[in-house]
Amino acid sequence: MGLDIGPVPVRTIHDRRSTINLPTLSLRTTLNSYKVPAVRGGVCPVAEDTTGSEIRRQRIEKLDKLEELDGQRYPNDFKSTWTAAEAHEKGGDLDTAGLKAAGIRLSLAGRVMAVNSFGKSTFLRIRDRTGILQAYVKLNVVGEDAYQRLKLTDVGDVVGVEGTLFRTRTDELTLAAETYRVLTKGLRPLPEKWHGLKDVEQRQRMRYVDLIVNDGSREVFRTRTRIIAHIRRFLDERGFLEVETPMMHRVLGGANARPFVTHHNTLDLDLYLRIAPELYLKRLVVGGFDRVYEINRNFRNEGLSTRHNPEFTMLEFYWGYATYSDLMDLTEEMLRGLVTDLGDGTSVEYKGETLDFGSPFRRLAVCDALREYCDASEAVFNDPDQAATFALDNEVPGEEADRIRAKHTGTDDESRRNASLELAMAVFENRVEEHLIQPTFVTGFPLAVSPLARRSDHDPTLVDRYELYVSGAEVANAFSELNDPADQEDRFRRQVEAKAVGDQEAMEYDEDYIRALEYGMPPAAGEGIGIDRLTMILTGSESIRDVILFPLFRPEKK
RNA sequence: GGGCCCAUAGCUCAGUCUGGUAGAGCAGUAGCCUUUUAAGCUAUUGGUCGCAGGUUCGAAUCCUGCUGGGCUCACCA
């Protein structure tokens, strides 16, 4: 059974503020020195949390002592001259004598990741956004006060060090401190230095901690950004214009999915969070931006899984005077370039398979796939009764099969074939997708499941559409666009009818979009690529939550 | 929503099968230590064993329910 929850209202911040309870602040009453700033609007975001209270108490005491030494608790006047990476660049080629001669001075700020103390001298590993540089602090060099600050330092604090570069006995480039300051005292201990933070839930709920301690996690999100930057560059170079279209829609459309609903107070207007930007981007093609793209969020009110987050990022782009066949070539070129740019070579290891992006991608029609993987007979594609039996044999729920048949009431050959193909499509989703490991363009989609795609010139029951599958998951969906307003009107009507027989994911009739098409949309082809899923494959992540910085979770219970 | 699995110190984990005073390493605290890098040595703090019931003389351990999470199925991209 599917999730049978209706549209979920999204409350505004204003609404939530008026209903939230003021949490108690345990520390405020037990620790005089824990100074809490006033919070606007009387809503304090600090919830009661006694986690590691003993350790926190000790660290707050250290913070007090630092204030006694320095006159303030959280100084913000420290400037680092170089990053850790720049220090390694400047000093990396010099040996002990060379460094002494060069006398390279710098100041560096970052988080303390490890401390090795010898009483009157101490090594610190300091990490900034670019990497790690070791610092060496000696009592007789920095003086009593600075060394006292050092003794009040814990792993996890943010510090600032100024000094010159030298090499240790083990030949490690190190900053010999002349001054030492604690910039931000960490009140909570970092996870264990060797095993790190492994608990999946904690890593995702407290991403800030995950990013501090897990190198792999930082790398995944850097790679995600590189992927998006690469795609932008690729499209920009080819004359595509990046735009932003509305996230709040009055008419549901552009995809088949269940929406979130929100509300505009002044206009007293219910709005959907968009499930796809498609219909707006194609309005822009009408407007003359015939190479246009958007990389942004979509929202779908459906279940959560390792492949689904309620908000996810899509690239959608539209290319005037091109066809879905041109798009296949462009997509291959884009992904091949991306894989080459990110790693070495044209293949990617994912879930124990070597995915080959170097060779031309396989192209496979839906019907051929069903013949190959499910032994479908010809009758399955033309006779709704045979198709229904085929569907039930392949674990399509009877309820779904009935609903599909109810949408196709005509008795002519074309209607019968439409019904058969839509049933066959359900089997494809159940039985074929999992086999499509290597990048594969699946073509020959039924018109019945493609309300926005251009009808095939060779078969009126098919459309010029493909989906790209990689590692058994849909990564892209593309088609030659339907720009015949009369045909589009007819397709919208069918969506409305489908909604009437219980298809909760069907689109609504979009009058304004029809009007736009009546002004004339140039022939065009468009594609959507799931950035999260692409990132999963290119970073070796098995869960979508590993490539989304802050995935949706149930609220933490107190 | 169904199935399987998990929840013990700030973190990583033993202990559960076979019920008998709550354990280790790291982190922390107090010392020693001026070239370490999972530094070392000595001592030591820290737990309502996810929550609520039940069985029992006695429950981290057995039973039931609940909460949160993971995988998976369904829905979907």
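Reckoned from all heavy atoms, side chains included, excluding hydrogens, waters and symmetry mates. In what follows, every chain begins at residue 1, and chains take the letters A, B, ... in the order their sequences are listed.
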A:His195 side-chain proximity, nearest of B:U12, B:G10, B:A77: B:U12
Ring centers of A:Tyr469, A:His435 separated by less than 6.0 Å: no
Proximity to the side chain of A:Ser305 - top-ranked nucleotide from B:A77, B:A74, B:U36: B:A74
B:A38 and B:G25, which share atom name C1', separated by this distance in whole Å: 11 Å
Candidate nucleotides B:U12, B:U72, B:A39, ranked by approach to the side chain of A:Asn116 - the nearest: B:A39
Residue among A:Glu316, A:Glu481, A:Glu294 satisfying salt bridge (Lys or Arg N to Asp or Glu O under 4.0 Å) with A:Lys282: A:Glu481
Interatomic distance where NZ belongs to A:Lys151 and P belongs to B:G28 [whole Å]: 15 Å
Minimum-distance nucleotide to A:Pro397 side chain [options: B:A77, B:C75, B:U34]: B:C75
Residue A:Phe553, side-chain heavy atoms: nucleotide from B:U34, B:U36, B:G70 that is nearest: B:G70
Candidate nucleotides B:U34, B:A77, B:U12, ranked by approach to the side chain of A:Leu197 - the nearest: B:U12
Touch class at under 4.0 angstrom, heavy-atom based, for A:Asp199 against every strand present: sugar-phosphate
A:Lys120 side chain, from C-beta outward: closest of B:U35, B:C33, B:A39: B:C33
Interatomic distance at P, B:G69 relative to B:C62, whole Å: 24 Å
A:Arg554 side chain near B:G68 phosphate (N/O to OP1/OP2, under 4.0 Å): yes
Atom pair distance, as rounded to whole Å: NZ in A:Lys198 and P in B:C26: 16 Å
Rounded distance in Å between the P positions of B:A22 and B:U64: 25 Å
Aromatic A:Phe445 / basic A:Arg465 pairing, under 6.0 angstrom, 45° off normal: yes
Interatomic distance at C1', B:G31 relative to B:C71, whole Å: 49 Å
Minimum-distance nucleotide to A:Glu505 side chain [options: B:G68, B:C75, B:U34]: B:C75
Axial cation check for A:Phe550 ring with A:Arg207, 6.0 Å and 45° limits: no
Pairwise 5' ranking along RNA chain B for A:Ser121 and A:Ser117, keeping only the more 5' one: A:Ser121
Centroid under 5.5 Å and tilt under 30°, A:Phe118 to B:C33: no
Short side-chain N/O contact to B:U35 OP1/OP2 from A:Lys138, under 4.0 Å: no
Minimum-distance nucleotide to A:Lys193 side chain [options: B:U72, B:C26, B:U12]: B:C26
Candidates B:A27, B:C71, B:A77 - which lies nearest the side chain of A:Phe312: B:A77
Sugar-phosphate, base or nothing in reach of A:Phe299, heavy atoms under 4.0 Å: nothing
N/O (side chain, A:Arg545) to phosphate O (OP1/OP2, B:C71) under 4.0 Å: yes
B:U36 base / A:Gln134 side chain donor-acceptor hit below 3.5 Å: yes
